[in-house]
Peer 1: 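Quick one: structure below, then a few questions.
Note that the structure is a prediction, hence the values are computed from the model and not measured. Chain letters run A, B, ... following the sequence lines, proteins first and then strands; every chain starts at 1.
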There are 2 protein chains.
Amino acid sequence: MDNKKNISMAVIRRLPKYQRYLGYLTEKGVERISSKELGENMGFTASQIRQDLNNFGDFGQQGYGYNVKDLYRELSSILGMDRNYKVVIIGAGNIGQALANYTRFEKLNFHLCGIFDVNPKIIGLKIRDVEIKDIDEMVGFFKDNPIDIGIIFTTSASAQKVSDILVNNQVKAILNFAPIDLNVPADIIVQNVHLSDSLLTLSCLLNQNS
Amino acid sequence: MDNKKNISMAVIRRLPKYQRYLGYLTEKGVERISSKELGENMGFTASQIRQDLNNFGDFGQQGYGYNVKDLYRELSSILGMDRNYKVVIIGAGNIGQALANYTRFEKLNFHLCGIFDVNPKIIGLKIRDVEIKDIDEMVGFFKDNPIDIGIIFTTSASAQKVSDILVNNQVKAILNFAPIDLNVPADIIVQNVHLSDSLLTLSCLLNQNS
DNA sequence: TAGATTGTTAATCGATTAACAATC
DNA sequence: TAGATTGTTAATCGATTAACAATC
């Protein structure tokens with residue numbers, strides 16, 4: 001099955017926000033909501049919400065709106081939250097270790113299966129029952145442990161090399177925290193989180209404002 | 001001076017990437033580069049690069065292109081990198097502490113002046129010479145220490161409250177890692193880094209692909 | 001001067017918003 | 001049935017790309 005309507009990234013990026021808010025409404029016990037009300041609460045137009053959702057199906061009902069619990073479930077499913085993903089982290093410095101410890105992680109069905117680093121001082125340490133292994137053991141590890149997602153916290157210098165190893169070992173998606181643009185085949189999914197870019201954007205806006 | 005051409009976020013988000021690449025070229029000793037070449041190397045169109053840069057000035061020269069070192073300096077200045085920013089971190093959990101330790105931080109002229117948390121177990125600890133203080137001391141602290149940027153790593157539940165305190169104490173910009181949308185006056189700059197949204201986007205794309 | 005490449009205007013493309021017939 | 005609100009088509013807005021005169 002190929003649900004390829006070629007949905008734009010702009011739409012996909014809004015889905016987690018919808019899902020989160022619908023989750024909040026579910027907890028509050030709200031039963032139904034219209035696109036108008038949802039839009040007002042979330043700061044979107046009703047039109048945009050209807051357009052966005054209709055990329056994935058007809059979840060609403062004329063004259064009624066959307067059933068909160070159902071829509072929440074649908075969104076969770078679209079976001080792949082009823083699946084389970086196997087994850088490795090490469091680079092266990094400050095931020096790598098912090099994210100390895102991130103408990104919200106497991107709640108989103110991301111199962112941490114391996115941590116790799118080059119630093120002999122930390123190899124062997126355990127984070128949440130997962131041992132930090134030497135990066136040289138990575139290829140061997142992948143033989144026995146098929147992995148869905150690799151999260152890169154290495155230096156920029158190593159990131160491309162690590163990315164190549166991931167790609168060559170059937171990893172399908174990469175979350176990249178190293179401040180470079182990775183070169184990967186077209187069928188590999190990459191999301192970048194460039195912290196220093198966010199800081200610089202902020203500093204740029206501050207600078208503009210004065 | 002009001003350099004308000006109302007430059008779009010799409011443009012501003014590309015500036016750190018330009019600056020980073022120009023820095024790399026400077027190090028490599030490259031002296032000049034055309035928008036065409038730059039575009040090919042970075043995966044943008046030459047047209048877009050010229051449009052983007054011309055929002056800020058005429059940095060190029062017909063028939064020659066751009067002087068790498070000069071453009072690098074200009075971009076650094078536009079990004080506010082020749083200024084110094086005073087920063088506080090609120091929420092010193094895993095990720096908050098990791099970022100407090102982040103050395104790249106200082107390189108970008110972000111000077112960490114304070115860390116605050118509610119957890120009595122970690123209050124008093126020092127991270128890079130900065131003591132973690134009780135969040136209740138925050139208002140008093142701001143009296144003597146004017147701060148430019150607040151970075152929020154608290155839970156979603158506390159984030160809005162913290163944001164309000166920042167805003168009421170002349171903090172001008174907020175980097176928000178809590179997965180909620182903050183409510184702030186129009187003149188306050190907010191950048192969101194929603195890690196779980198990035199993870200969900202990735203998982204959504206993986207899900208779409210199969 | 002001739003060639004190269006800019007800055008900028010015009011054309012295109014895509015995303016958002018508005019409008020409205022369909023229908024619960 | 002009448003009112004509400006959807007799904008969807010059409011209009012608008014903004015961002016990207018193409019084109020080209022200006023000029024180094």
Peer 1: Could Lys161(A) and Asp164(A) be called an ion pair, given the rule that one side-chain N must be under 4.0 Å from one carboxylate O?
Peer 2: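 Salt bridge flag = no for Asp164(A) with Lys161(A).
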
Peer 1: Roughly how many Å is it from OH in Tyr66(A) to C1' in dT5(D), rounded to a whole number?
Peer 2: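 From Tyr66(A) OH to dT5(D) C1': 9 Å.
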
Peer 1: Once you round it to whole Å, what is the distance between P of dT16(D) and CZ of Arg13(B)?
Peer 2: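 Going from Arg13(B) (CZ) to dT16(D) (P), I get 12 Å.
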
Peer 1: Does Lys17(B) come within less than 4.0 Å of Asp197(A), counting only side-chain N to carboxylate O?
Peer 2: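 A salt bridge is present here (some side-chain N lies under 4.0 Å from a carboxylate O).
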
Peer 1: Could you tell me which residues satisfy salt bridge (Lys or Arg N to Asp or Glu O under 4.0 Å) with Arg50(B), sequence neighbours excluded, listed by chain and number?
Peer 2: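 Scan of Arg50(B) (salt bridge (Lys or Arg N to Asp or Glu O under 4.0 Å), adjacent residues dropped) gives none.
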
Peer 1: So does Asp148(B) pair up with Lys86(B), basic N to acidic O under 4.0 Å?
Peer 2: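 So Asp148(B) does not pair with Lys86(B) through a salt bridge.
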
Peer 1: Can you name the salt bridge (Lys or Arg N to Asp or Glu O under 4.0 Å) partners of Lys36(A), sequence neighbours left out?
Peer 2: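 Here the qualifying residues are Glu40(A).
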
Peer 1: Closest heavy-atom contact between Ile49(B) and Ser35(B)?
Peer 2: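 Heavy atoms only, the tightest pair is CD1-O, 3.9 Å.
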
Peer 1: Give the minimum heavy-atom separation between Gly93(B) and Asp117(B), together with the two atoms involved.
Peer 2: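 Answer, listing the atom of Gly93(B) first, then Asp117(B): N-OD2, 3.9 Å.
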
Peer 1: Show me the dot-bracket string of DNA chain C, counting Watson-Crick or G-U pairs under 3.5 Å, with | for pairs to another strand and [ ] for crossing ones.
Peer 2: ..||||||||||||||||||||||

Peer 1: Without decimals, in angstroms, what is the distance between Phe56(A) CZ and dG7(D) P?
Peer 2: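 That distance rounds to 14 Å.
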
Peer 1: For a quick check, tell me whether the side chain of Gln51(B) and the base of dT17(D) share a donor-acceptor pair closer than 3.5 Å.
Peer 2: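 Checked by distance alone, the answer is yes.
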
Peer 1: Identify the heavy atoms of Asn207(B) and Ser77(A) that sit nearest to each other, and give their distance.
Peer 2: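 Looking at all heavy atoms of both residues, the shortest contact is ND2-O, 2.9 Å.
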
Peer 1: I need the Arg73(A) CZ to Leu22(A) CG distance, nearest 0.5 Å.
Peer 2: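 Reported value, rounded in 0.5 Å steps: 11.5 Å.
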
Peer 1: Can you tabulate the close N/O pairs, meaning under 3.5 Å, that link protein atoms to atoms of nucleotides 22-24 of chain C?
Peer 2:
residue, atom, partner, partner atom, Å
dC24(C), O3', Gln61(A), NE2, 2.4
dC24(C), O2, Gln62(A), O, 3.3

Peer 1: Please report, rounded to the nearest Å, how far the P atom of dA18(C) is from the CD1 atom of Ile49(A).
Peer 2: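 Atom-to-atom, Ile49(A) to dA18(C), this comes out as 13 Å.
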
Peer 1: In this structure, how many angstroms lie between the C1' atom of dT6(C) and the CG atom of Asn54(B), rounded?
Peer 2: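 Asn54(B) atom CG is separated from dT6(C) atom C1' by 8 Å.
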
Peer 1: Please determine if a side-chain N or O atom of Thr45(B) lies less than 4.0 Å away from the OP1 or OP2 oxygen of dT17(D).
Peer 2: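 Checking Thr45(B) against dT17(D): at least one side-chain N or O falls below 4.0 Å of OP1 or OP2.
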
Peer 1: Please indicate whether Phe59(A) has more than 12 foreign heavy atoms, meaning atoms of other residues, nucleotides or ligands, lying under 6.0 Å from its CZ.
Peer 2: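 Enclosed: over 12 neighbouring heavy atoms sit under 6.0 Å from CZ of Phe59(A).
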
Peer 1: Is the CZ atom of Arg83(B) crowded by more than 12 outside heavy atoms at less than 6.0 Å?
Peer 2: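 Result for CZ/Arg83(B): enclosed.
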
Peer 1: Which atoms form the tightest heavy-atom contact between Asn169(A) and Val139(A), and what is the distance?
Peer 2: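 Here Asn169(A) and Val139(A) meet closest at OD1-CG1, 4.1 Å.
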
Peer 1: Locate the shortest heavy-atom distance separating Ser76(B) from Gln19(B); write the atom from each residue and the value.
Peer 2: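 Taking Ser76(B) first and Gln19(B) second, the nearest heavy atoms are OG-NE2, 3.0 Å.
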
Peer 1: Please write out each protein N/O paired with an N/O of nucleotides 12-15 of chain D under 3.5 Å, distance rounded to 0.1 Å.
Peer 2:
none

Peer 1: Considering only heavy atoms, which members of residues 15-36 of chain B lie under 4.0 Å from some atom of DNA chain C?
Peer 2: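 Within this stretch, Arg32(B), Ser34(B), Ser35(B) sit under 4.0 Å of the strand.
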
Peer 1: Counting just side-chain N and O atoms, does Arg50(A) come under 4.0 Å of either OP1 or OP2 of dG7(D)?
Peer 2: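 For dG7(D), neither OP1 nor OP2 has a side-chain N or O of Arg50(A) closer than 4.0 Å.
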
Peer 1: Considering non-hydrogen atoms only, spot the tightest contact between Ile127(B) and Ala100(B) and give its length.
Peer 2: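 Closest pair (atom of Ile127(B), atom of Ala100(B), distance): CG2-CB, 3.8 Å.
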
Peer 1: Tell me: CG of Asp70(B) to C1' of dT6(C), nearest whole Å?
Peer 2: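 Interatomic distance, CG of Asp70(B) to C1' of dT6(C): 16 Å.
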
Peer 1: Indicate, with a heavy-atom threshold strictly under 4.0 Å, whether Phe59(B) touches base, sugar-phosphate, or nothing.
Peer 2: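 Since only primed, P, OP1 and OP2 atoms lie under 4.0 Å of Phe59(B), the category is sugar-phosphate.
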
Peer 1: When the distance from CG of Asp52(A) to C1' of dG7(D) is rounded to whole Å, what number comes out?
Peer 2: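 Distance check: Asp52(A) CG to dG7(D) C1' gives 13 Å.
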
Peer 1: Tell me which of Asp58(B) and Ser47(A) sits closer to the 5' end of DNA chain C, going by the nucleotide each one is nearest to.
Peer 2: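 It is Asp58(B), whose closest nucleotide lies nearer the 5' terminus.
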
